[in-house]
Amino acid sequence: MVEIKLTNTRTRTREPFVPLDPQDVRMYLCGPTVYDRAHLGNARPVVVFDVLYRLLRHEYGAENVTYVRNFTDVDDKINAAALARQQAGDPRSLEELIRDRTAETIGWYHADMDALGALRPSIRGVVSDAAEPRATDYIPQMIAMIAELIAKGHAYAAEGHVLFDVRSFPAYGRLSGRSVDDMIAGARVEVAPFKRDPMDFVLWKPSSAAEPGWDSPWGRGRPGWHIECSAMSAALLGDSFDIHAGGIDLQFPHHENEIAQSCCAHPQAEFAKVWLHNEMLQVEGKKMSKSLGNFFTVRDLLDQGIPGEVIRYVFLMTHYRKPMDWTAEKVREAKGHLARWHAVVGMLADGGTADAEMIELLCDDLNTPAALARLHKLSNELTANQTISERQQADFIASARLLGLLQTDTSAWDDPIARAPELTAAVERLLKVWATLRKQKDFVRADALKSDVETFGVRFRATPSGTAADFLRPADASSWGQDNIAGLKAIETRYNA
RNA sequence: GGCGGGUUGGCGGAGAGGUUACGCAGCGGAUUGCAAAUCCGUGAAGACCGGUUCGAUUCCGGUACCCGCCUCCA
């Protein structure tokens, strides 16, 4: 077995990965707050840590790896979304609206992450809802943990709130390399009068009648943001587990606070052994933000006809600990590479053996760009040979699948707009005309037809087996559709006449 | 103000103290009615200033610029 090395944020070094229990390797990834569609940035950790999950399953066996990813379904943004619906005239109760909203969002999330080829989390290889816990299903565990923190002198109740006492945990700030005093000095923290220290954070807060709430020893209320991950990871993975992952923006305060809660509640345990953080995503060199107008969701891209596999490839082009830039140029490149690989291996056969050299690259802190380069080399070797054996194809596929690529054939790439029956039919009829003209060696008219259809977004090409059409869609997909069909039909009548 | 990341050829993007990354684009060729696709071949680099070294793009120090976090955020 190849040794896996991972850069542990906690120690700031690349260290060999030694599981606590090789029979049950346990990993936790901070999942989404389910108030809206996942944006592209949400997808990066899912994809890069999906590669780690696949690698761990490959090395330790699928039934020996547990991967938990939570859904945060209690949050003020969710409340706001539900309230907005109620104010828009929805007759249902706020609680029903919240449940409805979170269930719907979880459905979207699954559909979108599935499209990116990410495996569902599992407990020892068994996929179930249990591996994707919802915060609201763990309220009793959170209350118990908070009570324990109070009993151990690490938390205190004040005015219906319960706060964590950061001064009671000397290691507070170690993960993110901050000291409590420094943070207060440069602070933009909101200081509630009942806090003992400005950096103290909320474990439990009171709910108004218009907010979701649960009964607790401190009154009706709801948990603070960080306690859910501490409670759920302990419940599902134990007080000590192997890997805790998430975006670098979660390092502080979220992960710092998780450590404080978990380590103080379970002082005999070490909580997460290895902390992994992916760097952030940018779009065309700039931070993705609504104000810059470059904000989009995974679904937006899929609807534009960018296959999930292509999105995944673009993510893997950049090492997870470096900022990743999403650009149209990368999409074009990724699509080209994948189309080529799909053509090289043809049918997607199972049963191959993944390339040892590629595995080594992945084991070196998930070096996915180098792994892709290795795949390019392998693919070049395959195409250099006149004949490619089924065995070679299967091996190549097995390698690609360790990265979550080549899992489905390119029929999944079909552009939703190009599938419109009217359009497909018109294109097919015109292709026949083109084929006939070429057969008759009437190249003048054939070329004219080709150039005509191109003005309406369809490119004809000859292939060894016949003819084919590609759909050239502009970046703004909304302008593509009826006009193109009308244009193609006009051409058709002209060439039939 | 505090903490952290980055700067590699036209572009994307890795590793390695001395030896080809890889891909895209470009260029030359094969193939093709023309294209497309495919195949073969090919030039090109490491922000700046110092230091260590026989030798640094790779290690150390400094400078500049870019980016992120410290508030909800992956």
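Keep in mind that the numbers below use all heavy atoms, side chains included, and drop hydrogens, waters and symmetry copies. Order of the sequence lines sets the chain letters (A, B, ...), proteins ahead of strands, with each chain counted from 1.
- Between A/Thr463 and B/rA37 there is no side-chain polar atom (N or O) within less than 4.0 angstrom of OP1 or OP2.
- Nucleotides B/rA64 and B/rA25 have their C1' atoms positioned 30 Å apart, rounded to a whole Å.
- Counting only N and O atoms by type, the side chains of A/Gln251 and A/Thr9 include no donor and acceptor under 3.5 Å apart.
- Here B/rA47 sits opposite B/rU63 as a Watson-Crick or G-U wobble pair (both hydrogen-bonding atom distances under 3.5 Å).
- The pairing partner recorded for B/rG68 is B/rC3, the criterion being a Watson-Crick or G-U wobble arrangement whose two distances lie under 3.5 angstrom.
- Within 90° of 0 lies the glycosidic angle of B/rG46, which makes this nucleotide syn.
- Remark: C1' of B/rU71 and CG of A/Asn257 are 13 Å apart, rounded to the nearest angstrom.
- B/rU58: no Watson-Crick or G-U partner with both key distances under 3.5 Å is found in any strand.
- Taking 3.5 Å as the limit, the base of B/rA74 and the side chain of A/His277 contain no donor-acceptor pair of atoms between them.
- The residue A/Arg69 sits apart from the nucleic acid: no heavy atom pair falls under 4.0 Å.
- The pairing partner recorded for B/rC27 is B/rG41, the criterion being a Watson-Crick or G-U wobble arrangement whose two distances lie under 3.5 angstrom.
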Exercise. side-chain contact (heavy atoms from CB on, under 4.5 Å) between A/Leu29 and A/Val68: does it pass, once the steps are laid out?
Worked result: CA-CA 6 Å; A/Leu29 177 66; A/Val68 169; over 6 Å; no
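- Nucleotides of RNA chain B nearest to A/Arg332 and A/Val344 differ in position, and the one nearer the 5' end is that of A/Arg332.
- A donor-acceptor contact under 3.5 Å is not formed by the side chain of A/Arg321 with the base of B/rG5.
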Tabulated below should be each protein N or O lying under 3.5 Å from an N or O of nucleotides 12-15 of chain B; please produce it.
{"residue": "B/rG12", "atom": "O3'", "partner": "A/Lys330", "partner atom": "NZ", "Å": "3.4"}
{"residue": "B/rG13", "atom": "OP1", "partner": "A/Lys330", "partner atom": "NZ", "Å": "3.2"}
{"residue": "B/rA14", "atom": "OP1", "partner": "A/His319", "partner atom": "N", "Å": "3.0"}
{"residue": "B/rA14", "atom": "OP2", "partner": "A/Lys322", "partner atom": "NZ", "Å": "3.3"}
{"residue": "B/rA14", "atom": "O3'", "partner": "A/Asn367", "partner atom": "ND2", "Å": "3.4"}
{"residue": "B/rA14", "atom": "O2'", "partner": "A/Asn367", "partner atom": "ND2", "Å": "3.2"}

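- In this structure, A/Lys450 does not reach the B/rA36 phosphate: none of its side-chain N or O atoms is under 4.0 Å from OP1 or OP2.
- Between A/Asp365 and A/Arg321 a salt bridge is recorded (basic side-chain N to carboxylate O distance below 4.0 Å).
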